[in-house]
Number of protein chains: 2
Amino acid sequence: MLVPRYVDKDERRRQVAAALHRIAAREGLDNVSIRTVAAEAGLSAGAVQRDFGTKDALLHFALREALAGVERRFSEVRVGPGRLSFADGLRTALLDLLPTDEQRLAETRVWSAFYARAAVDPGFADVLAELDARSREALRAAVGWAEEEGELAPGQDLDALVELLMVLVDGIWLSAVRLPRDASLDGLRAAVDAAVAAVTAGGPHRG
Amino acid sequence: MLVPRYVDKDERRRQVAAALHRIAAREGLDNVSIRTVAAEAGLSAGAVQRDFGTKDALLHFALREALAGVERRFSEVRVGPGRLSFADGLRTALLDLLPTDEQRLAETRVWSAFYARAAVDPGFADVLAELDARSREALRAAVGWAEEEGELAPGQDLDALVELLMVLVDGIWLSAVRLPRDASLDGLRAAVDAAVAAVTAGGPHRG
DNA sequence: GTCGTATCGATACAAGTGTATCGATTGGAG
DNA sequence: CTCCAATCGATACACTTGTATCGATACGAC
């Protein structure tokens, strides 16, 4: 008897989150309101209000949706035996952060908005901390494998290297997101190459 | 006859900007309004309105004030003949980005808020682009000097190295700003050391 | 002293906000 | 078909926002 009626609620929640992402990317989180999001999603404000209850819940849902997108993208870069070398995988993953198309640029702007909010709202910081933890774990595995393969300069502190890579990830997209729309990304591409070279220099794979 | 009357307007503008910085650091740019800033500064809303005219002008002034603070801090790290080595200077500058006290943490949060806005508002992006240009120039000089001193691994692309350092700067403070208040900064310190080592490895100063 | 004016705090106003609540609608259960 | 509950769009409400404008005030010139 208590079956859902007409619409797929989860699907609509996802569409509302997508609408929020579009507004956040275009005008910033400041211009995200229940009404503007509803309009962007082609719904009535009441619908959004009913689906999420509170604006904070809406923002949290949208944040998790955005994070899921990032993790999906990142998980596609497989590094390991029989796959990409550590250097190539790292380069691919870092270059993949650059806003080379409209979609990617929008994503980056959304992150930027949420990160700023996380600096001030612990609820959002916690969600990002979970993402950090998972990223760190993945990087730790990749670095450990690279070490075994002899791709790293000997004597490196692996934990420190992981932290450095985390920093690089943040630095790259943050540097990219504030570039003028017509600016070249070549400088950042060069930086990625330099980073990969600096980190893997000295190993037998060098050159 | 047209002499200023009672108060030092420039001084008060700076105090208002400081009040804005406090609010932005504590609650984010969302909670910055002419009224809240005026209250934080101990002024009437009318005073702030008169001094800045529009809220956008107020924000731009506050952004430039914040940037001046950063540049003042950075310019204190002198690298060159008879001063710090490139490696030590770089390490000092990067470690100096970490929010080791309340004041520094507040500054970082303010940057974070303004950077998010710059991703969406070209007016703010332009101001940050000026800062980038000056930073790039300073880094270029330091890297050039390091090269002459043989502190760098041979055969490095200096322009790429400069871009990498720019990315590192952004990555470090962005990684730091979203850590829980009681979190240790040791991981980031280790990342800084790893970065300095990776960038300067191979030179005669090594070890 | 008196005058003139720059500056003061306060108020007015239209717009937009989050949220609570409404009666109408609608489609499945019986 | 009839009923009923879930869902709909719309409205109400109390706030906050940016900005324009006000008469009062208080100092400098004379």
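Side chains included, hydrogens not; waters and symmetry mates left out as well; all remaining heavy atoms used. Per chain, numbering begins at 1; letters A, B, ... match sequence-line order.
- Looking at heavy-atom distances under 4.0 Å, A:Ala45 makes no contact with the nucleic acid at all.
- At distances below 3.5 Å, at least one donor-acceptor pair connects side-chain atoms of B:His21 with backbone N or O atoms of B:Ala62.
- Looking at residues two or more places apart in sequence or on another chain, you find no side-chain hydrogen bond (donor to acceptor under 3.5 Å, both in side chains) involving B:Arg13.
- Side-chain proximity of A:Arg12 to the nucleotides C:dC8, D:dT17, D:dC8 is greatest for D:dC8.
- Side-chain N or O atoms of A:Lys55 include one that pairs as donor or acceptor with a backbone N or O of A:Val32 at under 3.5 Å.
- A salt bridge does not link A:Arg189 with B:Glu163: every distance from a Lys NZ or Arg NE/NH1/NH2 to an Asp or Glu carboxylate oxygen is 4.0 Å or more.
- When the P atom of D:dT17 is taken as reference, atom CG of B:Asp30 falls 11 Å away, rounded to whole Å.
- Protein atom CZ of B:Phe52 is 17 Å distant from nucleotide atom P of D:dT17, rounded to whole Å.
- A donor-acceptor pair under 3.5 Å is formed between the side chain of A:Thr36 and the backbone N or O of A:Asn31.
- The backbone N or O of A:Phe86 lies less than 3.5 Å from a partner atom in the side chain of A:Glu151, making a donor-acceptor pair.
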Would you tabulate the pairs of protein nitrogen or oxygen atoms and nucleotide nitrogen or oxygen atoms of nucleotides 19-21 of chain D closer than 3.5 angstrom?
| from | atom 1 | to | atom 2 | distance (Å) |
| --- | --- | --- | --- | --- |
| D:dT19 | OP1 | B:Thr54 | OG1 | 2.9 |
| D:dT19 | OP2 | B:Thr54 | OG1 | 3.2 |
| D:dT19 | OP2 | B:Lys55 | N | 2.8 |
| D:dT19 | O4 | B:Arg35 | NH2 | 3.2 |
| D:dA20 | N7 | B:Gln49 | OE1 | 2.8 |
| D:dA20 | N6 | B:Gln49 | NE2 | 3.2 |

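- Taking atom NZ of residue B:Lys9 and atom P of nucleotide D:dC27, one finds them 17 Å apart after rounding to whole Å.
- For A:Asn31 and D:dT16, the CG to P distance is 20 Å, given to the nearest whole Å.
- Rounded to whole angstrom, the span from the CG atom of B:Asp51 across to the P atom of C:dA6 amounts to 15 Å.
- Side-chain N/O atoms of B:Ser33 include one lying less than 4.0 angstrom from OP1 or OP2 on D:dT17.
- Counting to the nearest Å, the C1' atom of C:dT17 and the CG atom of A:Leu29 are 15 Å from each other.
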